[in-house]
Amino acid sequence: MTKWIFWIFAGVALLLLVLEHRAHVLGWWLHALLGLCVVLLYLVIRADSGGDGDGHPR
């Protein structure tokens, strides 16, 4: 009986550990995706301006 209790406890602990780490990894990826979007938007706007420094399009 004590082995069943141990394995149930270990299974629940493993499930909670996996779910918690998955949430952290997903949160990190979402922040990285948002940062990538900001960087790409900056590069697109900079490339569209022509890069001559006067702010007027080509």
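One hydrophobic cluster holds both V39 and Y42 under the rule that ILVMFWY side chains link at heavy-atom gaps under 4.5 Å.
With sequence neighbours excluded, the residues forming a side chain to side chain contact (heavy atoms under 4.5 Å, CB included) with L19 are L15, R22, listed by chain and number.
The hydrophobic side chain of W4 is isolated, with no ILVMFWY side chain under 4.5 Å apart from it. Taking a 4.5 Å side-chain heavy-atom cut-off between Ile, Leu, Val, Met, Phe, Trp and Tyr, the cluster of L14 extends to V18. Side-chain contacts under 4.5 Å among hydrophobic residues (ILVMFWY), followed directly or transitively, place W7 together with F6.
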